[in-house]
Amino acid sequence: MARPSPVPPIPTQFWTLAESDPDAPAVTCAGRTLSRRELDASTNRLARAYAGLGVGQGDYVTIVMPNSIEWAQAVLATWKLGAVPQPLSARLPDIELAALLELRRPALLVGRNDPNGVTPSLAGDFMPDPALSDEPLPEMVSPVFKAMASGGSTGRPKLIEAGGDSRFPAAAGYPLGAQEGDVNLLSVPLSHNTGFTTFAIGLVQGHHMVLMPRFDPHEFLQLVTDHRVTFLATVPTIMQRLLPVYRAGQESYDLSSIRRFWHLAAPCPPVIKRAWIDILGPEVVWELYGGTELQALTFISGDQWLTHPGSVGVVVAGEMKVLDDDGNECPPGVSGEIYLRRSPGSAPTYRYIGATAKQRDGWDSLGDLGYFDEDGFLYLNDRRVDMFTVGGRNVYPAEIESALSAHPDVLSCLVVGVPHEDLGQVPYAIVQGNGLDEAAVIAFLTDRLAGFKLPREVEFSDTPLRDDAGKARRSAVRAEIISRRQAQSRR
């Protein structure tokens, strides 16, 4: 029996699509559209410009830009050289950017200057010399398909390199219900794993990818209506922000074209989920649970959710089990820590840089708590023991505490996530310090942390917040804060 042909790298797959239908729209953003031919040719020239600056196979290219056509061009040009795209948030403060760059020094920084003045950089709107050829380049394979960034639970950032190379198959989108020629709305930052992976699927399946530079509910609904969007992946915060706008003017919008509506990255409030099932139909709304590490995944359809409300689904890739504190597997209905591993015999799905995986007998933990029911459906009790999500973005208290501790007048500090109607949770900081007020603390953190990590409230304490071993009863502190705020709201 003949062996199947190897999957070509992403740029070759896209070139094939461009040759077959050069005038088909490839990417649209802010009213501007590039055809497949235009995206392919422009990234050939851009790749040659990157090569002229020293970028080669296996090198990192760090891309610090908002969603844009230029972002898409930078990533595709990077793959064409066999280099590794490292997308980072355009809102990263210099201090966080510098820490990430130190983990794995890139050959080129696009969209920002290196705070340390070491890495060559290009502006986000850089235009290569028109004299450079836009003819196809020799086929190259990037040894790592992507390198995503994550704040660490230790307060230090880490990189998560994909286990696979850039021979990313179009078939990867099939389990998600993605089809060749879909119209794909990307409303989340492309620097996040959800956005980046959805972009890659769109590129190799020949989607018309409609990018939002930043989320706006009216624009989202109008783009779906105008472009007849068929596929999208988003987060619960966006779902929640869309609802009042859609309900106030649903006669102005047509969402009937959507065939598959995915949400992930954070727990979705049941009332929000049910509302979208009512709007789009249960066969359209799907949810995914899993980490950037991709050891294992669960899926749940809207129909399944209606019979198992609150679940994040059944395991569809890899393996998962729930263990108690002693390492014993929990029976159905009993909560514990969720452990994951890839399917036996399969290739590694990730590699950390700057961190070590939490493991038990070859199984990984992302720190999530939950349980399986009798039918094999997984339910989450908490996203992490300490971590919380702000609008679908992970926040680690230790990262904020580390930044706070750099202030000379801070003696000790503690950060927890507290409920927020729009964002799910937001940071709340307690500080023991000398002569500080809330404005001073926030001002100090503004240059050190991304905006969504900034505390919404700062409380001050006269006593140490940790014991001599550096431990704190974070859950009890959070419960006390929530109880106190509820009591105040009833007054």
Side-chain angles (χ1 to χ4, degrees), residues 5-27 29 33-65 68-87 104-111 119-147 161-162 164-170 172 180 190 196-197 199-209 211:
S5 301
V7 174
I10 291 169
T12 303
Q13 294 181 68
F14 184 73
W15 173 82
T16 302
L17 291 166
E19 288 290 295
S20 67
D21 191 354
D23 296 324
V27 59
C29 187
T33 297
L34 291 189
S35 68
R36 292 178 184 173
R37 178 200 289 120
E38 290 169 331
L39 181 58
D40 188 53
S42 65
T43 51
N44 288 337
R45 183 174 285 126
L46 187 60
R48 288 186 167 91
Y50 287 0
L53 293 170
V55 177
Q57 187 174 27
D59 287 337
Y60 266 36
V61 175
T62 302
I63 300 161
V64 191
M65 299 167 63
S68 59
I69 288 176
E70 290 77 15
W71 185 98
Q73 290 172 313
V75 171
L76 184 53
T78 297
W79 278 325
K80 287 187 173 184
L81 295 175
V84 179
Q86 182 194 26
R104 174 72 152 75
R105 182 61 58 183
L108 180 65
L109 183 58
V110 181
T119 305
S121 63
L122 292 174
D125 59 356
F126 168 77
M127 297 290 292
D129 186 339
L132 290 172
S133 172
D134 63 4
E135 292 299 307
L137 290 90
E139 182 177 278
M140 300 288 282
V141 175
S142 306
V144 175
F145 152 58
K146 60 181 178 179
E161 289 191 338
D165 60 32
S166 62
R167 289 172 291 194
F168 183 80
E180 283 78 0
L190 295 170
F196 190 92
T197 304
F199 169 80
I201 289 170
L203 208 58
V204 297
Q205 286 197 334
H207 293 184
H208 176 197
M209 291 177 287
L211 312 183

Query - Which atom of Ala83 lies closest to which atom of Pro85, heavy atoms considered - result: O-CD, 3.6 Å

Requested in this report: Tell me, yes or no, whether the heavy-atom count around Arg104 atom CZ, taken from other residues, nucleotides or ligands under 6.0 Å, exceeds 12.
Outcome: yes

Query raised in the report: Heavy atoms, side chains only, cut-off 4.5 Å: are Leu122 and Tyr50 in contact?
Result: yes

Query raised in the report: What is the minimum heavy-atom distance between Ser166 and Met140, and which atoms define it?
Result: OG-O, 4.4 Å

Report task. Would you check if the side chain of Ser35 reaches a backbone N or O of Pro25 as a donor-acceptor pair within less than 3.5 Å? Result -> no

Report task. Using modelled atom types only, decide if a donor and an acceptor are shared between the side chain of Asn44 and the backbone of Asp134 within a distance under 3.5 Å. Result -> yes

Report task. Kindly indicate whether the side chain of Thr197, heavy atoms from C-beta on, has any atom under 4.5 Å from the side chain of Lys146. Result -> yes

Report task. Determine, for Lys80 against Asp40, whether the closest basic-nitrogen to carboxylate-oxygen distance falls under 4.0 angstrom. Result -> yes

Query raised in the report: How far apart are the C-alpha atoms of Val61 and Val110, what are their side-chain angles, what is the distance that settles it, and do they pass the side chain to side chain contact (heavy atoms under 4.5 Å, CB included) test?
Result: CA-CA 7 Å; Val61 175; Val110 181; 4.0 Å; yes

Report task. Would you mind reporting whether Pro128 and Arg48 have side-chain heavy atoms less than 4.5 Å apart? Result -> no

Query raised in the report: Taking all atoms of both residues into account, what is the closest heavy-atom pair of Glu70 and Asp125, and its distance?
Result: CG-CA, 4.5 Å

Report task. Please confirm whether the backbone N or O of Leu132 pairs with a side-chain atom of Arg45, one donor and one acceptor, at under 3.5 Å? Result -> yes

Query - Atom of Leu203, atom of Ile10 and distance for their closest heavy-atom approach - result: CD2-CG2, 3.7 Å

Query raised in the report: Within the side chain of Thr43, is there an N or O that forms a donor-acceptor pair under 3.5 Å with the backbone of Leu46?
Result: no

**Report entry** Euclidean distance, Leu53 CG relative to Phe126 CZ, rounded to 0.5 Å
**Finding:** 6.5 Å

Requested in this report: Please report the closest heavy-atom contact between Leu81 and Ala47, naming both atoms and the distance.
Outcome: CD1-O, 3.3 Å

Query raised in the report: Counting N and O atoms only, with roles assigned by atom type, does the side chain of Gln73 sit under 3.5 Å from a partner on the main chain of Leu39, one being a donor and the other an acceptor?
Result: no

Query raised in the report: Roughly how far, to the nearest 0.5 Å, is the CG atom of Leu76 from the CH2 atom of Trp71?
Result: 10.0 Å

Report task. Without swapping roles, check the side chain of Arg36 against the backbone of Gly206 for a donor-acceptor pair under 3.5 Å. Result -> yes

Query - Minimal non-hydrogen separation, Asp165 against Arg167, with atom names - result: OD2-NH2, 2.5 Å

Requested in this report: Starting at CZ of Arg37, measure out to CG of Leu17 and round the result to the nearest 0.5 Å.
Outcome: 14.0 Å

**Report entry** Gln13 side chain to Phe168 backbone, donor-acceptor under 3.5 Å
**Finding:** yes

Query raised in the report: Any sub-3.5 Å donor-acceptor pair from Gln205's side-chain atoms to Ala170's backbone N or O?
Result: yes

Query raised in the report: Hey, does Thr119 have a side-chain heavy atom less than 4.5 Å from the side chain of Thr62?
Result: no

Requested in this report: Compute the centroid of each ring, for Phe14 and then for Trp79, and state whether the two points are separated by less than 6.0 Å.
Outcome: no

Query - Min side-chain heavy-atom separation Ile63-Val75 under 4.5 Å - result: yes

